[in-house]
There are 2 protein chains.
Amino acid sequence: MAIKKQRAVRRTDALSKERIVEAAIEILDSDGEGALTFRTLAAHLATGSGAIYWHVANKDDLLAAATNDVIARVMADLPGGARPREAIRALALGLFDAIDAHPWVGTQLSRAPWLAAIPQIFEGFGSRLEGFGVPEGAQFDATSTLVIHVLGVAGQNAANARLHAHRTDRTAFLGEIAQQWAQLDPARYPFVHRVAAQLPEHDDREQFLVGIDLILGGIEAANPGPSPRT
Amino acid sequence: MAIKKQRAVRRTDALSKERIVEAAIEILDSDGEGALTFRTLAAHLATGSGAIYWHVANKDDLLAAATNDVIARVMADLPGGARPREAIRALALGLFDAIDAHPWVGTQLSRAPWLAAIPQIFEGFGSRLEGFGVPEGAQFDATSTLVIHVLGVAGQNAANARLHAHRTDRTAFLGEIAQQWAQLDPARYPFVHRVAAQLPEHDDREQFLVGIDLILGGIEAANPGPSPRT
DNA sequence: AGTTATGATGGAACGTTGTTCCATTCTCAT
DNA sequence: ATGAGAATGGAACAACGTTCCATCATAACT
């Protein structure tokens, strides 16, 4: 008998991994990835860096937990009951929007494949591909391609965010890159030249979705079957 | 008149950006990304860190130059004259193999979109898509999707390399991840469970190429036209 | 040839970071 | 009340990127 009491709260402001991760996310969101140090975090929590290490193994552990939090929220908020193709697109867009809102998540995803968030994403796409009519033998490769697309865009988005962190205008920033591209040798870079003009006005989100659709189209074409699609 | 003499070589072992980049690549390749510091680099070149900064703006600049070197070599070594689809696959495989041989290139590519290497890759895929029969309006999105796939795989590859840097066996490493995946709740992760078994034995290079083919298939399906494909 | 301005060099020093260490405090079971 | 272990907070350490500066070598100019 004698069931141990749950540990009572030590103080109302007691430290815990949840509180630490929450504070870290706040700092990352408001001041960018560069602003998260154990010192700013300790200051934000009114404690010392040593105390944080009691709850968190190291910075990677902390970032992994924060990333998991964000991704888990995305997976939980997904609308159910949609047709297969729409379900896949909704998942992809949910991930994109989360990464767009928290660029540091993009950095983490694109450099940490052991992250607990990855199986979640994998499961999300993989299980929905079943309903899309993809035979079992082709599911692994098809899922990987979709996941890679998400992670690839995540990394580029995060990199862009790091760049125009100080800048006000996003279009102006893309304009600068377009100008650099336009200054390349037209003989060696004809395509880049032609495309540079579209750079400042293009919509990342839309282009991301076009990519998802291209991949889905390729999956369909590679796996013609009797299953209902749409 | 009096044409200025070209600067004579100061000493045979004079420092230069080329020599610095070359040394950096050696360190990165043999000892991994973590091993490249301005101190190890200075020791390798038998000089001081200050001297390096005379030729190189900062570490980002150095890494960008090193990455450019590798990518430029890939673009130069491509076989010409192949049919469009094969040309695209050859380019993709060339990039994959380079990133596989130099994982640190993957890290750079997936976190630096302003890199001079990116327009090169863009041009490589974009110009070849023309021959593939993609109408001009669709070329930007199609190219982006291919580039994103390469950059996405680059990032994941680099992350994997960072992980089993110390380990001997790659299959054993994948086996560990597969085991982690297999320990997830089967009710919530049925797909991940089914796929975990394929993880240790799957071939990254082959799966990368399947992704390229899926995207190409999607591009074909989205742009039916009279142009010769194959 | 001697002088001078500038190109280059090498190493010390600075500020910041992640992490470790440790003396101290707090809480609970006895 | 007391001892044990959980938890805390801040000092200290090692490593890093970068800056600074005293010094040397070379090319141009008298």
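Every value quoted in this text rests on a predicted model; they were computed, and no experiment measured them. Letters A, B, ... are given to chains in the order of the sequence lines, protein chains preceding strands, and every chain is numbered from 1.
Residues from residues 102-109 of chain A with heavy atoms under 4.0 angstrom of DNA chain D: there are none.
By the 6.0 Å contact criterion, CD on B:Q179 is open, its count of non-hydrogen atoms from other residues, nucleotides or ligands being 12 or less.
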Might you list the N or O atoms of the protein lying below 3.5 Å from N or O atoms in nucleotides 13-17 of chain D, with each pair's distance?
| unit_1 | atom_1 | unit_2 | atom_2 | d |
| --- | --- | --- | --- | --- |
| D:dG17 | OP1 | B:K59 | NZ | 2.3 |
| D:dG17 | OP2 | B:F38 | N | 3.2 |
| D:dG17 | N7 | B:R39 | NH1 | 3.0 |
| D:dG17 | O6 | B:R39 | NH2 | 2.8 |

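Aromatic ring centroids of A:Y53 and A:F38 lie under 6.0 Å apart.
B:I27 pairs by the side chain to side chain contact (heavy atoms under 4.5 Å, CB included) definition with B:A35, B:L36, B:T40, B:L41, B:H44, not counting sequence neighbours.
Between the CG atom of A:L15 and the P atom of D:dG10 there is a distance of 12 Å, given to the nearest Å. Separating the NE2 atom of A:H44 from the C1' atom of D:dG9 is a distance of 18 Å, rounded to the nearest angstrom. Atom P of nucleotide C:dT19 and atom CH2 of A:W54 are separated by 17 Å, given to the nearest angstrom. For the pair B:L41 CG and C:dT9 P, the interatomic distance rounds to 13 Å; values are reported in whole Å. Residue A:R19 contributes atom CZ, which lies 14 Å from atom P of D:dA7 at whole-angstrom precision.
The shortest distance between side-chain heavy atoms of A:I212 and A:H149 falls below 4.5 Å. No side-chain heavy atom of B:D203 sits under 4.5 Å from any side-chain heavy atom of B:F208. Taking the side chain as every heavy atom from C-beta outward, B:K17 and B:D61 approach each other to under 4.5 Å.
Salt bridge status for B:E123 with A:R188: absent, with no side-chain N to carboxylate O gap under 4.0 Å.
Judged purely by distance below 3.5 Å, without hydrogens or angles, the side chains of A:N160 and B:W114 never pair a donor atom with an acceptor atom.
B:H55 has a side-chain polar atom (N or O) that falls below the 4.0 Å cut-off from OP1 or OP2 of C:dT9.
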